[in-house]
Number of protein chains: 2
Amino acid sequence: MKTLTCLCKSISEEEMDDIKKHIPKDNTIQNMAEFFKVFGDSTRLKILYYLSRHELCVADLALLVNMQQSAISHQLKLLRLNRLVKYRKEGTTNYYSLDDEHINSIFKVALEHLQEL
Amino acid sequence: MKTLTCLCKSISEEEMDDIKKHIPKDNTIQNMAEFFKVFGDSTRLKILYYLSRHELCVADLALLVNMQQSAISHQLKLLRLNRLVKYRKEGTTNYYSLDDEHINSIFKVALEHLQEL
DNA sequence: GTAATATATGAACATATATTCATAAAGGAG
DNA sequence: CTCCTTTATGAATATATGTTCATATATTAC
């Protein structure tokens with residue numbers, strides 16, 4: 001009573017082995033997943049949109065996104081760790097801006113896809 | 001004792017209003033987030049990789065990803081709902097394949113980004 | 001020194017998500 | 001019809017994640 005016999009072989013064992021052999025390393029896939037996960041939250045997308053328009057401090061972002069300063073700060077930390085934003089200090093104020101040119105291409109691809117649905 | 005005075009205005013109120021006015025609709029942002037969320041999981045990324053190489057049935061995918069058939073089936077449902085995969089029936093067997101040409105461009109952008117870290 | 005401001009952070013909580021298990025549904029073979 | 005196979009699905013569970021609250025840190029002004 002095997003669960004996975006699968007006689008459906010439209011593909012040969014050799015082909016399957018070959019395909020399996022060429023899959024990116026588990027670590028790479030994990031990193032890719034982490035990368036996409038960052039974009040998979042509307043609060044972070046809003047932050048990224050606003051920063052794509054203008055360098056902004058945390059309080060301004062909180063105003064624009066209409067969310068607590070603490071929430072924004074937590075999300076900015078995540079974005080920082082993933083190198084999507086950077087900041088410069090000026091007194092107690094931190095001015096955030098985008099740190100990655102790929103963000104715009106990524107937005108574009110996503111919009112293209114969504115427009116076709 | 002306001003929490004958000006923010007005198008940091010490197011940006012004028014008018015500019016902020018303007019930027020806020022042009023942000024995509026909340027619904028659009030929500031959809032973008034959902035879209036990215038789909039890619040933000042290593043199991044789904046593996047499935048997408050394998051399907052990019054060959055049309056496959058559920059049991060074969062379970063073998064390749066080395067995960068239970070049920071788990072694969074649940075993930076395939078999600079991928080179906082987001083129109084990233086499609087399938088054709090042949091008897092009791094379902095052959096899955098990719099349903100979106102953007103997937104490859106998306107993979108590429110992500111890899112580019114990761115290689116720069 | 002104190003007071004006020006901007007930001008960061010830890011704990012707590014609620015919600016979302018991925019996986020497993022058990023089982024249902026549907027088709028093919030006998 | 002019954003048995004077997006392939007896939008889908010609902011419930012349960014464990015884990016991850018986003019937000020809030022309270023508070024810490026750091027800088028500036030007085």
Side-chain angles (χ1 to χ4, degrees), chain A residues 1-11 29-30 33-48 55-82 85-97, chain B residues 1-11 29-30 33-48 55-82 85-97:
Chain A
M1 227 222 274
K2 288 159 60 186
T3 330
L4 292 178
T5 323
C6 190
L7 310 169
C8 45
K9 309 299 178 201
S10 67
I11 177 176
I29 291 183
Q30 200 62 47
E34 295 303 320
F35 175 69
F36 284 120
K37 222 176 280 184
V38 181
F39 289 92
D41 176 82
S42 54
T43 300
R44 287 193 291 272
L45 285 181
K46 286 176 194 170
I47 291 175
L48 291 173
E55 179 189 59
L56 289 163
C57 68
V58 179
D60 280 342
L61 278 171
L63 266 174
L64 287 164
V65 178
N66 193 29
M67 206 162 265
Q68 292 201 250
Q69 171 269 321
S70 175
I72 301 294
S73 213
H74 279 296
Q75 297 296 11
L76 284 172
K77 183 177 187 177
L78 227 160
L79 291 169
R80 253 187 291 127
L81 291 174
N82 286 274
V85 305
K86 62 182 183 229
Y87 70 100
R88 62 183 180 85
K89 277 183 130 34
E90 203 168 288
T92 56
T93 306
N94 290 3
Y95 290 99
Y96 278 85
S97 56
Chain B
M1 224 225 273
K2 287 159 62 185
T3 331
L4 292 177
T5 323
C6 188
L7 309 168
C8 45
K9 308 300 177 200
S10 67
I11 178 175
I29 291 181
Q30 199 61 48
E34 296 303 321
F35 175 69
F36 284 121
K37 220 174 284 183
V38 181
F39 289 91
D41 176 83
S42 54
T43 301
R44 287 192 292 272
L45 286 180
K46 285 175 194 169
I47 292 175
L48 290 173
E55 180 189 58
L56 289 163
C57 68
V58 180
D60 280 343
L61 279 170
L63 266 174
L64 286 164
V65 178
N66 192 28
M67 203 162 269
Q68 293 203 248
Q69 171 269 320
S70 175
I72 301 295
S73 213
H74 279 296
Q75 297 295 11
L76 284 171
K77 182 178 187 177
L78 227 160
L79 292 169
R80 255 186 288 128
L81 291 174
N82 286 273
V85 305
K86 62 182 182 228
Y87 70 100
R88 63 182 179 87
K89 274 182 132 36
E90 203 169 288
T92 57
T93 307
N94 289 3
Y95 290 100
Y96 278 83
S97 56

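Note that these values count all heavy atoms, side chains included, but never hydrogens, waters or copies made by symmetry. Throughout, a chain's letter reflects where its sequence line sits, starting with A, and its residues are numbered from 1.
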May I ask you to evaluate whether N94(B) reaches the phosphate of dT6(D), defined as a side-chain N or O under 4.0 Å from OP1 or OP2?
no

In chain order, what residues pass the side chain to side chain contact (heavy atoms under 4.5 Å, CB included) check against Q68(A), with sequence neighbours excluded?
none

Please give, in whole Å, the distance from dA18(C) P to L76(B) CG?
13 Å

Applying side chain to side chain donor-acceptor pair (under 3.5 Å) to D41(A) and not counting sequence neighbours gives none

T93(A) side-chain proximity, nearest of dT7(C), dA8(D), dA8(C)
dT7(C)

To the nearest Å, how far apart are L81(A) CG and dT17(D) P?
13 Å

Could you check which of dT19(D), dA8(C), dA8(D) has an atom nearest any side-chain atom of S73(A)?
dA8(C)

Figure out the CD/P separation between Q75(A) and dA16(D), and round it to whole Å.
17 Å

Establish, with yes or no, whether the OP1 or OP2 oxygen of dA8(D) is under 4.0 angstrom from a side-chain nitrogen or oxygen of K77(B).
no

Value rounded to 0.5 Å, distance of CG in L56(B) from OG1 in T93(B):
12.0 Å

What one should report as the nearest heavy-atom pair of Y96(A) and V58(A) is CE1-CG2, 3.6 Å

Which heavy atom of A62(B) sits nearest to which heavy atom of I72(B), and what is that distance?
CA-CG1, 3.7 Å

For L78(A) and dA8(C), what is the distance between atoms CG and P respectively, to the nearest whole Å?
13 Å

Relative to each other, are the rings of F36(B) and F36(A) parallel, tilted or perpendicular (30° and 60° limits)?
parallel

Sorted by chain and residue number, the side chain to side chain donor-acceptor pair (under 3.5 Å) partners of Y87(A) (sequence neighbours excluded) come out as none

Here the distance between atom C1' of dA8(D) and atom CG of L61(B), to the nearest Å, is 15 Å

Tell me: CG of D60(B) to C1' of dT6(D), nearest whole Å?
11 Å

Atom CG of L79(B) and atom P of dT7(D) are separated, to the nearest Å, by 15 Å

For each nucleotide in nucleotides 21-30 of chain D, reading 5' to 3', give B when a protein heavy atom comes within less than 4.0 Å of its base, S when such contact involves only the sugar-phosphate, and - otherwise.
BB----BS--

Qualifying residues under side chain to side chain contact (heavy atoms under 4.5 Å, CB included), relative to S42(A), sequence neighbours excluded:
I29(B), Q30(B), A33(B)

Does a side-chain N or O from Y96(B) land closer than 4.0 Å to OP1 or OP2 of dT6(D), or not?
no

So, using side chain to side chain contact (heavy atoms under 4.5 Å, CB included) as the criterion, who are the partners of L78(A) when residues are at least two apart?
V38(A), R44(A), Q75(A), N82(A)

Expected output is a numbered-order residue list: members of residues 37-48 of chain B with a heavy atom under 4.0 Å from any atom of DNA chain D. What is it?
none

